[in-house]
Amino acid sequence: MKQTVSLKLNREFRRLYQKGKSAVDPFLAVYCRKNRLGFSRLGLTVGTKVGHAVVRNRVRRRLRESYRVHEDRFRPGYDIVVVARGRAAGARYAQLERSLLRLAGKLDLLKGEGEG
RNA sequence: CAAGCGGGCUGGACAGCCGCGUGGGAACGCCGAAAGGCCACCCAUGAGGAAAGUCCGGGCUCCGCAGGGCAGGGAUAACGGGUAACACCCGCCGGGGGCGACCUUAGGAAAAGUGCAACAGAGAUAUACCGCCGGACGCCUCGGCGUCCGGUAAGGGUGGAAAGGCGAGGUAAGAGCUCACCCGACGGCUGGGAACAGUCCGUCGCUGUAAACUCUAUCCCGGAGCAACACCGUGGAGGGACACACAGGCCGGCCCGGCCGUCCCGGGGAGGUGGCUUGAGCCUGUCGGCAACGGCAGGUCGAGAUAGAUGGCUGUCUUCAAGGACAGAACCCGGCUUACAGGCCCGCUUGCACA
RNA sequence: GCAGAAGUACCCAAGUGGCUAUAAGGGGCUCCCCUGCUAAGGGAGUAGGCGGGUAAAACCGUGCGGGGGUUCGAAUCCCCCCUUCUGCG
C-alpha cells in the first residue's frame, strides 16, 4: 500500500466510531472521516467473535488485499476503519471484496468515473 | 482374504503474475558540505504436530534474603533404571479385561489412632428375629402345642459388607471345635538386583473407606514474570545556577503591536532500542544398553514479528474431494492433556482358504 | 502473558457424601382480600427439564455444564475438557 499508512492508536479508532460516517452490511462495517494529511490511513479490526486466530488472520489478510488491489480507486485523505462482522468468517474473498467496494461507494470514498 | 492389535511417518506438490515480514548486497537514483543515510532492484529465508489448553518440570531476568534445625505448607506413592528436572519416559512385578496380538491400573499403611457406613435388616464390629436343640412347668384329641430358662451362627431373609470357603468327622443341636484341600495375613527357608514368586515349615483368620482426618517414606519450599529487565527519552511537574533590565529572545523586510526569563540536573509517562534467538538444538554414522537413553566422530544453522509478516488470481498433478482435518510462533526448552479429514509404511494376533 | 471465580426449573438461587432435589426459598402464574378503579401490600393455591407412557393422570427411565474415576452410594470428593465472567499490567 503505497499511499496509505496503517491506523494504530486506540483513540483514533474511538474517534471514528463516535464522529465518523459509517456503512454496514452482514460482512463488514466501515467507518470513515476526512483527515488533513493528504494521504489515507486504514485500520482493520477483526474481533474474537469472528473466530479463532487462523480465521481472524485470514479475514484480515483478505481485507488488506482487497484494499491494496483497489487502492487507486479510493479518494486520498481519509481515515478509514473496517470492522469484520460475524459473517465475514465464512465468506469467500470475492464476497469480501464486493462488500468493501459497495460500502465504500455508499460513503462516497470512491473516485467518480471522470476522475483520475 | 477377512476381522483386529500395536508402533511410526505425512498433514498436498509444482509453475506463472501481483503483494508482505526479516537478513544481506546495492547504482549511473535520491538526501547531505562531508561522514554517511535512504532506496528501485537482486539474492536468501519465512509457523505447528499440536504453535492450543496453561496442567507439571526447568532455564533466564529482576526484587527480597546472614547460616542451620524444628514446626508449618505442598507434591508424589509397588520396584529397577533414564533424565537438567518432572506428576514424564522405558523396563519389570502385582491387580483387572481380552481366545489372542495386547490393553488398562492415584498400585504405601485400615494389625498406631480418630471419624463415617443412609435405607433395609433381629443384628453393622458386634447380634439370638424366625428357626434348630436341651431342660422345667402347664395343656393334650398323645401327633404335639404354649410359657419360662438355657445352648446354638448350620438354614431363612436384608445388605456393598453378616465374622475365611467347601467336604468329612463330631454333637442334644451346632460351631476351625478337629482333620484334609483351597484362600488370605505375618514370620522363617529357597530363587531374584528389587518389587515379588515358590508353598517346604510354623503362627493366625482380622468388614469397607485414607480421591475422610491421619501415619510412613521420598522430594520441594520467598515473590513476580520478557507487558520481566536494561538503555535512550520531545513535552509537562520538581530542584539548582545565572540574570533581574531603558537588557535580551521569538513573530515580522521595517515600524506599530503581540508573546516570552535562559541554562543545567535528576527520576521518568507516551514512544524508541536492546532482551530476541545457537539450543539440555537438529541430521548422519558408529559403539554400549531389552528399551527409555547415553558416549564418540562428522555435518549443519532452520521465523524473530510488535495492531503483529504466508494473501489474491490462474493452470497442471495425486485425490471421491485441494473452495473441505485440527489449527497461527510472541523469551526459550522437556513433558502431559485436548482437537484432528485423508493417505502411507512396519511388526504382530485370530479365523478361513490353498500349497 | 499471568492470576482467579462461577455453571442447579423461565430468572435469582439454597442444598457441600445418604432415603425420591415434595428440587428449600423468592420472583413467576391463578384466585381472593384491600380500592371508586389500578399500582403497591396481605392471604390461599399451583405447575415446573428431557425422553417414554396416558384421553388426562398415575407410572418408568434419565437429568445439578460435559466425560471419566473413587465409593455400597456423588450436585457434593478426585482428574480431564467446555462455556461464561472478573482482575493485573
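Worth knowing before you read on, the calculation uses all heavy atoms, side chains too, and leaves out hydrogens, waters and symmetry mates. Chain A is the first sequence line, chain B the second, and so forth, proteins listed ahead of strands; every chain is numbered from 1.
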Original post:
Can you list the residues that meet the ring pair (Phe, Tyr, Trp, His ring centres under 6.0 Å) rule with A:Phe74, with sequence neighbours excluded?
Top reply: A:Tyr67

Original post:
Which nucleotide, in any strand shown, forms a Watson-Crick or G-U wobble pair with B:A44, with both distances under 3.5 Å?
Top reply: B:U22

Subject >> Distance between P atoms of C:G63 and B:C116 (Å, rounded) >> reply: 31 Å

Original post:
Is B:G6 in the syn or the anti form, by the rule that syn lies within 90° of 0?
Top reply: anti

Subject >> Watson-Crick or G-U counterpart of B:C296, or none if no pair lies under 3.5 Å >> reply: B:G285

Original post:
Among A:Arg56, A:Arg61, A:Arg62, whose side-chain contact (heavy atoms from CB on, under 4.5 Å) with A:Arg58 holds?
Top reply: A:Arg62

**OP:** May I ask you to verify if any side-chain N or O of A:His52 is less than 4.0 angstrom from the OP1 or OP2 atom of B:G328?
**Re:** yes

Original post:
If pairing requires Watson-Crick or G-U wobble contacts with both distances under 3.5 Å, which nucleotide is the partner of B:A78?
Top reply: none

**OP:** Searching all strands shown, indicate the nucleotide that pairs with B:C320 (Watson-Crick or G-U wobble; both distances under 3.5 Å).
**Re:** none

Subject >> salt bridge (charged side-chain N to carboxylate O under 4.0 Å, His left out): pairs with one or both residues in residues 78-89 of chain A, sequence neighbours excluded >> reply: A:Arg41-A:Asp79

Original post:
Once you round it to whole Å, what is the distance between C1' of B:G19 and OH of A:Tyr67?
Top reply: 15 Å

Subject >> Anti or syn - B:G302, cut at 90° from 0 >> reply: syn

Grab the N/O contacts between the protein and nucleotides 305-308 of chain B below 3.5 Å, and write none if there aren't any.
residue, atom, partner, partner atom, Å
B:G308, OP2, A:Arg64, NH2, 3.1

Original post:
Rounded to the Å, how far apart are A:Glu65 CD and B:G311 P?
Top reply: 11 Å

Original post:
Who does B:A173 pair with, Watson-Crick or G-U, both distances under 3.5 Å?
Top reply: none

**OP:** List the steps, then state whether side chain to side chain contact (heavy atoms under 4.5 Å, CB included) holds for A:Val83 with A:Tyr17.
**Re:** CA-CA 10 Å; A:Val83 179; A:Tyr17 294 147; 3.7 Å; yes

Subject >> Chi-based syn or anti call at B:G159, which uses purine or pyrimidine torsion atoms and a 90° bound >> reply: anti

Subject >> Lys/Arg-Asp/Glu bridge criterion (N-O < 4.0 Å) met for A:Arg68, A:Glu71 >> reply: no

Subject >> Spacing between A:Leu96 atom CG and B:G311 atom C1', to the nearest angstrom >> reply: 12 Å

Original post:
Where does B:G81 land, syn or anti, given syn is within 90° of 0?
Top reply: anti

**OP:** In whole angstrom, give the distance that lies between atom CZ of A:Arg56 and atom P of B:A47.
**Re:** 20 Å

Original post:
Any side-chain N or O of A:Arg62 under 4.0 Å from OP1/OP2 of B:G312?
Top reply: yes

Result block: side-chain N/O donor-acceptor pairs under 3.5 angstrom for residues 99-106 of chain A, not counting sequence neighbours:
residue, atom, partner, partner atom, Å
A:Ser99, OG, A:Asp25, OD1, 3.3
A:Ser99, OG, A:Asp25, OD2, 2.6
A:Arg102, NH2, A:Asp25, OD2, 2.9

Original post:
Would you say the side chain of A:Leu107 lies within less than 4.5 Å of the side chain of A:Ile80, judging by non-hydrogen atoms?
Top reply: no

Subject >> Value in whole Å for how far the P atom of B:G21 lies from CZ of A:Arg61 >> reply: 13 Å

Original post:
Would you say A:Arg68 reaches B:G311's phosphate, i.e. side-chain N/O to OP1/OP2 under 4.0 Å?
Top reply: no

Original post:
What integer number of Å spans the C1' atoms of B:C326 and B:U61?
Top reply: 36 Å

**OP:** Pick the C1' atom in C:U76 and in B:A118, then give their distance to the nearest Å.
**Re:** 15 Å

**OP:** Name all residues meeting the side-chain hydrogen bond (donor to acceptor under 3.5 Å, both in side chains) criterion together with A:His70; count only those two or more places apart in sequence or in a different chain, and write none if there are none.
**Re:** A:Glu97

Original post:
In whole Å, what is the span from the NE2 atom of A:His70 to the C1' atom of B:G311?
Top reply: 14 Å

**OP:** Report the base-pairing partner of C:A3 (Watson-Crick or G-U wobble, both distances below 3.5 angstrom), or none.
**Re:** C:U86

Subject >> Who pairs with C:C10 - Watson-Crick or G-U, where each distance is under 3.5 Å >> reply: C:G27

Subject >> Distance, nearest 0.5 Å, that separates OG of A:Ser40 from OH of A:Tyr78 >> reply: 8.5 Å

Subject >> Span that lies between the C1' atom of B:A180 and that of B:G156, in whole angstrom >> reply: 30 Å

**OP:** With syn defined as a glycosidic angle within 90° of 0 and anti as everything else, classify B:A47.
**Re:** syn

Subject >> Partner nucleotide, any strand, of B:A307 [Watson-Crick/G-U, under 3.5 Å] >> reply: none

Original post:
Quantified in whole Å, what is the P atom distance between nucleotide B:A162 and nucleotide B:A124?
Top reply: 15 Å

Original post:
Linking Ile, Leu, Val, Met, Phe, Trp and Tyr by side-chain heavy atoms under 4.5 Å, what else ends up with A:Val69?
Top reply: A:Tyr93

Original post:
Does A:Ala94 or A:Asn57 map to a spot on RNA chain B nearer the 5' end, using the closest nucleotide for each?
Top reply: A:Ala94

**OP:** Provide the distance between the two C1' atoms, one in C:C64 and one in C:U8, to the nearest whole Å.
**Re:** 4 Å

**OP:** Could you check how far OH of A:Tyr93 sits from C1' of B:G19, rounded to whole Å?
**Re:** 11 Å

Subject >> Pairwise C1' distance for B:C177 and B:U171, with rounding to whole Å >> reply: 10 Å

Original post:
To the nearest Å, how far apart are A:Arg58 CZ and B:G312 P?
Top reply: 8 Å

Original post:
Expressed in whole Å, how much space separates the C1' atoms belonging to C:G51 and C:U35?
Top reply: 49 Å

